[in-house]
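Here the structure comes first, spelled out in structure tokens, and everything after it is commentary.
Lettering of chains follows the sequences in order, A, B, ..., and the numbering in each one begins at 1. Only this structure's heavy atoms are used, side chains among them; waters, hydrogens and symmetry mates stay out.
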Protein chains: 2
Amino acid sequence: MSKAPTPSDGGLSGVSAVTLDFKHQTTVTLAEVAAAAGVGESTVSRVLRNHGSFSKKTRDRVMEAVEQLGYVPNRIAGTLASAGSRLVAFVIPSLSNIVFPDVLRGASSVLEENQHQAVFSVTDYDPEREEALVAAMLAWRPTAVMLAGFEHTQGTLKMLRATGCRVVELLDLDGSPVDLAVGFSNAAAGRVSAEFLLKRGYRRIGYVGHDLERDTRAGKRFGGFCETLGSAGFPLADREIHAGASSVESGRLGLERLLARQPDLDAVYFSNDDMALGGYFHCLARGISIPSQLAIFGYNGLDIGRVTPQPLSTIRTPRVSTGRVAAELVVANAPPQVIDLGFELIEGATT
Amino acid sequence: MSKAPTPSDGGLSGVSAVTLDFKHQTTVTLAEVAAAAGVGESTVSRVLRNHGSFSKKTRDRVMEAVEQLGYVPNRIAGTLASAGSRLVAFVIPSLSNIVFPDVLRGASSVLEENQHQAVFSVTDYDPEREEALVAAMLAWRPTAVMLAGFEHTQGTLKMLRATGCRVVELLDLDGSPVDLAVGFSNAAAGRVSAEFLLKRGYRRIGYVGHDLERDTRAGKRFGGFCETLGSAGFPLADREIHAGASSVESGRLGLERLLARQPDLDAVYFSNDDMALGGYFHCLARGISIPSQLAIFGYNGLDIGRVTPQPLSTIRTPRVSTGRVAAELVVANAPPQVIDLGFELIEGATT
DNA sequence: GTTAATATTGGCAGCGCTGCCAATCAGGAT
DNA sequence: ATCCTGATTGGCAGCGCTGCCAATATTAAC
């Protein structure tokens with residue numbers, strides 16, 4: 001963000017002079033509605049939840065009182081008195097990496113249709129932080145907790161196994177799930193990417209990636225990629241790892257550095273499409289012709305990669321579906337299982 | 001998403017054969033901890049919340065029992081018994097538009113530091129849906145509700161004014177807030193963009209945008225932009241509006257269509273950077289030289305726009321700060337006010 | 001008209017935790 | 001040893017709603 005943004009002209013500035021009245025907690029309760037409608041509390045409860053039986057006349061009177069008083073049910077009390085919270089907790093590594101907003105998007109539509117709510121918090125790829133956030137989430141007695149991948153602290157695993165709620169591990173398949181798992185194999189994605197580049201005849205292949213320690217799924221892709229290259233007899237020529245999160249800029253810088261050391265690479269595999277786009281822009285800016293001088297391969301299948309002058313070769317991952325399917329399993333209270341949604345290799349014009 | 005993704009090789013497929021034991025709701029309660037530690041319930045409560053006084057010895061015994069039993073406090077019960085839920089509700093139009101994940105990101109770090117949780121739902125730019133989702137959110141008695149902009153249905157406004165929780169309207173300043181507002185003026189951003197293009201000498205200016213009815217903030221920018229062009233005597237030459245959400249692809253197609261009708265435009269203003277990047281890619285692909293043949297101007301200041309071969313001229317908006325400041329105001333329970341975070345014009349190489 | 005079913009309805013005990021208040025305890029002053 | 005002050009502690013009444021069950025109203029069947 002900018003340090004000291006220019007205040008927009010025409011905008012109100014700083015603290016407005018007009019101070020609205022402070023709100024007073026309006027606490028219309030079920031009991032008040034019942035009194036106003038001249039019926040019992042349980043009747044109001046039944047009408048509002050459309051559960052059990054009541055006459056049409058009663059229904060109308062109750063609804064009128066609800067309207068009149070502006071009653072808003074209190075789900076905190078409702079949850080405590082009954083069973084499920086209908087809250088689904090997401091503990092995700094990041095919101096900068098488009099993968100996670102996509103997963104949330106897929107899940108939220110399903111959850112909203114089923115009267116559930118999504119709660120989330122961001123670990124910033126820190127397992128300790130994840131543990132603390134999972135604990136905080138469990139305090140809300142959610143219907144389910146959704147996490148990225150299988151790498152968790154012992155403490156997190158212990159909580160997850162002890163809790164009564166469902167657990168869904170997302171976007172990975174290379175590991176053993178606590179309960180449900182929805183995603184695809186990152187190791188396989190890495191292998192498929194390597195096979196593709198080899199089949200197309202590339203031999204001196206490099207890698208530009210971001211922090212593999214923290215983003216373990218990127219690490220698994222890298223592992224599968226190197227393994228395949230190695231067993232084909234053409235091991236990875238060199239790699240350039242950016243310490244922080246992935247970004248277009250670090251992809252660009254990473255490729256620049258890598259090429260400075262290894263000017264004769266014929267292909268580069270990137271940890272994801274953001275990084276790959278940065279590499280692509282570097283080539284455009286330097287006049288490196290793609291793919292004749294250098295091939296570029298990414299991961300994720302972002303929309304933007306299909307609209308660049310040369311479409312990006314990449315692996316398309318079912319991010320939105322991952323969220324959607326995970327949410328569907330949870331609302332259906334499906335038995336423990338592992339769902340492989342697969343991925344798709346997109347052959348663009350950069351390879 | 002892909003229709004029928006190839007299952008990843010090496011991944012487990014479909015329903016796994018191994019069925020884990022179903023969970024049984026482990027309900028360790030405060031009372032059980034108290035019994036195990038040999039103290040009263042209120043003592044356990046005080047220790048866990050680190051509130052009130054208790055001896056070190058008592059503290060240790062309680063913590064041991066908590067550890068032993070794997071007790072997880074129940075915030076549902078806690079909230080019902082005491083005051084605030086420490087839940088902050090976000091009702092946002094979209095998760096595809098990077099703006100909103102950025103706002104959530106800014107807010108979530110502040111909220112997590114202050115032991116609050118973020119709940120969200122997505123309206124898909126539909127005011128009726130927003131109303132239903134706000135109602136659902138209020139049922140959780142959140143500390144605050146955060147919404148995009150000032151355009152809400154009468155029903156939504158009524159609920160918002162009647163509720164006891166704080167209301168924050170984000171990313172807009174052109175309207176009157178219910179309670180708090182944090183953002184910047186979109187109309188001003190449009191005006192500033194137009195002034196800039198005029199000052200640089202552009203005269204035949206076009207617009208490529210997305211659905212203005214639903215994205216009212218984009219509509220306000222467009223309004224400010226046209227107004228300034230008009231009063232300078234160089235009214236908008238033409239415009240191309242894509243009916244759906246903004247995307248790189250629709251920016252590219254939009255520019256193509258616009259140029260087909262108006263081949264002699266000298267500059268195009270886009271509804272945001274995604275659209276502008278699409279336009280930029282179109283020019284790259286068609287060999288239209290930028291900015292000599294055509295200038296391109298965006299909105300948002302995405303990182304990617306700084307790394308393209310020619311950095312994109314745009315308006316940088318404080319999206320993450322908007323979320324952060326909004327969260328700070330809420331946790332501090334600040335009085336009603338309007339905060340203008342401004343924006344910054346970035347002069348890239350596309351104008 | 002009467003009994004048996006069935007449809008409606010109200011009462012009330014919690015759900016698990018916190019806030020309030022009274023009770024108990026530990027030290028120090030007298 | 002006795003009293004006083006402040007630190008600790010436990011008991012218990014709700015928070016607002018739902019689930020269970022008994023009570024009452026309706027309608028069908030005889």
Side-chain angles (χ1 to χ4, degrees), chain A residues 25-63 65-66 69-87 115 136 138-142 163-165, chain B residues 25-63 65-66 69-87 115 136 138-142 163-165:
Chain A
Q25 187 79 32
T26 354
T27 325
V28 181
T29 67
L30 226 203
E32 296 176 58
V33 173
V39 300
E41 293 181 38
S42 11
T43 301
V44 176
S45 177
R46 275 184 297 253
V47 170
L48 290 175
R49 285 178 301 150
N50 193 32
H51 176 277
S53 70
F54 44 82
S55 67
K56 170 124 187 51
K57 190 171 34 173
T58 302
R59 201 195 89 92
D60 293 342
R61 266 202 306 181
V62 168
M63 293 315 273
V66 164
L69 299 173
Y71 172 68
V72 177
N74 184 334
R75 282 192 65 71
I76 302 279
T79 299
L80 182 61
S82 68
S85 66
R86 289 175 167 276
L87 235 31
Q115 288 80 246
L138 291 178
W140 284 101
R141 298 294 187 268
T163 185
C165 79
Chain B
Q25 186 79 32
T26 355
T27 324
V28 182
T29 66
L30 225 203
E32 295 177 58
V33 174
V39 300
E41 292 180 39
S42 13
T43 302
V44 176
S45 176
R46 275 184 297 252
V47 170
L48 289 176
R49 286 177 300 150
N50 193 34
H51 176 275
S53 70
F54 44 81
S55 67
K56 171 128 185 50
K57 190 173 29 169
T58 302
R59 201 194 90 91
D60 293 341
R61 267 201 306 177
V62 169
M63 293 315 271
V66 165
L69 300 173
Y71 172 68
V72 177
N74 183 333
R75 282 192 66 70
I76 301 278
T79 299
L80 183 60
S82 65
S85 65
R86 289 177 167 277
L87 233 34
Q115 289 79 246
L138 290 178
W140 284 101
R141 298 293 186 269
T163 186
C165 79

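- Here the P atom of nucleotide D:dA7 and the CZ atom of B:Arg59 are 19 Å apart, to the nearest Å.
- Comparing atom distances between the A:Leu80 side chain and each of D:dG16, C:dT18, D:dT18 picks out D:dG16 as nearest.
- For the pair A:Asn74/B:Trp140, no side-chain contact is recorded, criterion being any heavy-atom separation below 4.5 Å from C-beta on.
- Here C:dT18 presents its C1' atom at 14 Å from CZ of B:Arg86, a figure rounded to the nearest Å.
- Spacing between atom CD of B:Glu41 and atom P of C:dC17 amounts to 8 Å, rounded to whole angstrom units.
- In the set C:dG10, D:dG10, D:dC15, D:dG10 carries the atom at the smallest distance from any side-chain atom of B:Ser42.
- Taking the side chain as every heavy atom from C-beta outward, A:Phe54 and A:Val62 never approach each other to under 4.5 Å.
- In terms of modelled atom types and a separation under 3.5 Å, the side chain of A:Ser85 and the main chain of A:Thr79 share no donor-acceptor contact.
- At a threshold of 4.5 Å between non-hydrogen side-chain atoms, the residues B:Val72 and A:Arg141 count as touching.
- If you measure from atom CH2 of A:Trp140 to atom P of C:dC17, you get 13 Å, rounded to the nearest angstrom.
- Atom CD of B:Glu32 and atom P of C:dC15 are 11 Å apart (whole Å).
- Across all strands shown, B:Thr58 has heavy atoms under 4.0 Å from sugar-phosphate atoms exclusively, and none from any base.
- Side-chain contact between A:Tyr71 and A:Leu30 is present, with heavy atoms from C-beta onward closer than 4.5 Å.
- For the pair B:Lys57 NZ and C:dC25 P, the computed distance is 12 Å after rounding to whole Å.
- In this structure, A:Arg141 places its CZ atom 9 Å from P of C:dG16, rounding to the nearest Å.
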> Run the side-chain hydrogen bond (donor to acceptor under 3.5 Å, both in side chains) check on A:Arg59 and A:Ser55 step by step: do they pass?
Replying inline: CA-CA 6 Å; A:Arg59 201 195 89 92; A:Ser55 67; over 6 Å; no

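- In this structure, the nucleotide among D:dG10, C:dT18, D:dC17 sitting nearest to the side chain of B:Leu30 is C:dT18.
- In this structure, the side chain of A:Thr43 does not engage the main chain of A:Val39 through any donor-acceptor pair within 3.5 Å.
- Regarding A:Ile76, its CD1 atom lies at a distance of 16 Å from the C1' atom of D:dG14, rounded to whole Å.
- Heavy-atom distances under 4.0 Å link DNA chain D to A:Ser45, A:Arg49 of residues 43-55 of chain A, given in residue order.
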